[in-house]
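Data block below; observations after.
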Number of protein chains: 2
Amino acid sequence: MNVQLGGSSSNMEPIADKKKAIFISTMELVRDKGFHGTPMSMVAKHAGVAAGTIYHYFESKEQLITELFDYAQQQVIAVVEQETCAAIPFKDCFFNLWGGLYTFYQNNQNLLRFFEQFVNSPYSSTRPPFEEDKFYTLLFAFFERGIREGELKEVSPKILATLTHSSILTIAKMTASGRLHFDKKELQQIQQLLWDGIALGR
Amino acid sequence: MNVQLGGSSSNMEPIADKKKAIFISTMELVRDKGFHGTPMSMVAKHAGVAAGTIYHYFESKEQLITELFDYAQQQVIAVVEQETCAAIPFKDCFFNLWGGLYTFYQNNQNLLRFFEQFVNSPYSSTRPPFEEDKFYTLLFAFFERGIREGELKEVSPKILATLTHSSILTIAKMTASGRLHFDKKELQQIQQLLWDGIALGR
DNA sequence: GCCAACCGAATGAACGTTCAATTGGGAGGG
DNA sequence: CCCTCCCAATTGAACGTTCATTCGGTTGGC
């Protein structure tokens, strides 16, 4: 019990194969069929596991979903931590962050879809408040740096962070759903528009 | 049967009281409890109607949800049509549209929440494709006007429309969920940032 | 008296969860 | 090296509940 996931940073314990399989199956099934559309029995079959086994690792379906969300969020946080490097000029860093997050969401559409379903569902109302949300704390700090270095307009970081992340998420969702497509040039234009909006013109 | 809703534009038939009550109850319950959390029996009780009555108006729960989405979307479309007035200078029109849509979502948080749950659920995959989506068609046309009049950068209207709407939705959702608050001055700053990004500097 | 609107108990399927039973690997004594 | 005991891991049939949907019957306006 209490096993760690993947080759996690601080802990190289062997992986909980079954637990990870349950996570992945849940994410894929939720992507296609939604929360109500994925019974535990189906998660079990898809993960190659008996129904009862899931309850060895998770107290309930709700707990499984909640833990999966935390797992997903940590992956996103890792991307932000990797791209917001203080050694690189802020402007480059901004474009890296936008591109890095976008690429991550593109390569993990299961996760993106699960994420969006979760935050718009009643599950998310049981989440910790905003101030303790590491993802937004990181983003806020990044944009504060931009203001401090005189690269950005003097606007609340929460505005800058929210606008930036919403643009990434929306474009990624549009592409993932197949409703709209954006080619490389258009993606660069989007980043540039955003930058033109938030940067101090000089 | 086949009754119209509200004091609808082209049709002034008497309202289907029960049908409207079912719509409103569904929206409120889905906001609080999500799709799976709102059984038909609860919708019935909340609407002051017998369970069987719902099936007099709707074939199934899925159909109820789908029709409710169409109903909701028409209300949003009405706001866009009202604010995108060709007689007003484009820039003013842009700020009107942003503010109008934002205010609408603020005043109709049930609808906003329902909307977001719907588009991220498997229900929405059965929706008509993008080109037939009146909402986006209207938005695209509006931004095309801006380009034609030399007010906006020469970028695909789909980019401008997507960025603008995503900013409105995200800010409204943040406020509605209570996770972040934006005061009047901040809302103006957001609109201005967006405009600075997409407008042709002169 | 006719028909649409409406009711709500009944139905049957689906689902989350439980639990008695089984497996398998490792610790320890001989 | 082998046997034994133990317990965590695992199984899947069974349980009880919940829910969408049905349907036979009632109402009320025309």
Side-chain angles (χ1 to χ4, degrees), chain A residues 1-5 13-69 114 117-118 121-123 126, chain B residues 1-6 11 13-69 114 117-118 121-123 126:
Chain A
M1 211 181 299
N2 210 6
V3 230
Q4 299 299 316
L5 209 68
E13 279 182 35
I15 308 165
D17 281 348
K18 295 273 166 68
K19 190 169 180 176
K20 196 171 187 178
I22 293 168
F23 268 159
I24 292 173
S25 299
T26 305
M27 212 152 65
E28 289 179 358
L29 289 169
V30 168
R31 175 198 57 189
D32 295 337
K33 300 164 185 298
F35 287 129
H36 28 329
T38 66
M40 295 296 260
S41 57
M42 200 182 290
V43 172
K45 186 181 289 183
H46 194 269
V49 150
T53 304
I54 300 181
Y55 289 86
H56 182 71
Y57 291 103
F58 305 96
E59 272 184 18
S60 62
K61 186 177 186 179
E62 175 158 350
Q63 183 123 142
L64 163 60
I65 302 279
T66 301
E67 272 192 45
L68 177 51
F69 177 76
F114 171 82
Q117 290 201 37
F118 184 91
S121 80
Y123 288 117
T126 65
Chain B
M1 211 179 299
N2 209 6
V3 230
Q4 298 300 316
L5 208 72
N11 198 316
E13 278 183 32
I15 308 165
D17 281 348
K18 295 272 167 66
K19 189 168 182 177
K20 194 169 187 177
I22 293 168
F23 268 159
I24 292 173
S25 299
T26 305
M27 211 151 68
E28 288 178 0
L29 289 171
V30 167
R31 174 198 59 190
D32 295 337
K33 299 164 187 296
F35 288 131
H36 28 331
T38 65
M40 294 296 259
S41 57
M42 201 183 288
V43 172
K45 186 182 289 183
H46 195 270
V49 150
T53 304
I54 300 180
Y55 288 87
H56 182 71
Y57 291 102
F58 305 96
E59 270 183 20
S60 64
K61 187 177 186 179
E62 175 157 349
Q63 183 122 141
L64 162 61
I65 302 278
T66 301
E67 272 192 45
L68 176 51
F69 177 77
F114 171 82
Q117 290 201 39
F118 183 90
S121 79
Y123 288 118
T126 64

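Every chain is numbered from 1 and lettered A, B, ... according to where its sequence line falls, protein lines coming before strand lines.
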Donor-acceptor contacts, no H, no angles, side chain residues 27-41 of chain A, under 3.5 Å, sequence neighbours left out:
| from | atom 1 | to | atom 2 | distance (Å) |
| --- | --- | --- | --- | --- |
| A/Arg31 | NH1 | A/Asn110 | OD1 | 2.5 |
| A/Thr38 | OG1 | A/Phe35 | O | 3.2 |

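- Annotation: the span from B/Lys61 atom NZ to B/Leu64 atom CG amounts to 8.5 Å, rounded to 0.5 Å.
- A ring-ring contact (aromatic ring centres under 6.0 Å, His included) with B/Phe23 is found for one member of B/Phe58, B/Phe69, B/Phe114 and no other, namely B/Phe58.
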Fill in the blank from the handout: Letter by letter from the 5' end, nucleotides 7-17 of chain C scores (B base, S sugar-phosphate only, - none; protein heavy atoms under 4.0 Å) BB------SSB

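- The main-chain N or O of A/Tyr123 is found under 3.5 Å from a side-chain atom of A/Thr126 such that the two form a donor-acceptor pair.
- Of the side-chain N and O atoms in A/His56, none sit less than 4.0 angstrom from OP1 or OP2 of D/dT10.
- Taking NZ of B/Lys19 as the start and CG of B/Leu68 as the end, the distance is 11.0 Å to the nearest 0.5 Å.
- Atom-to-atom, CD1 of B/Ile65 to C1' of D/dA20 comes out at 12 Å; the value is rounded to the nearest Å.
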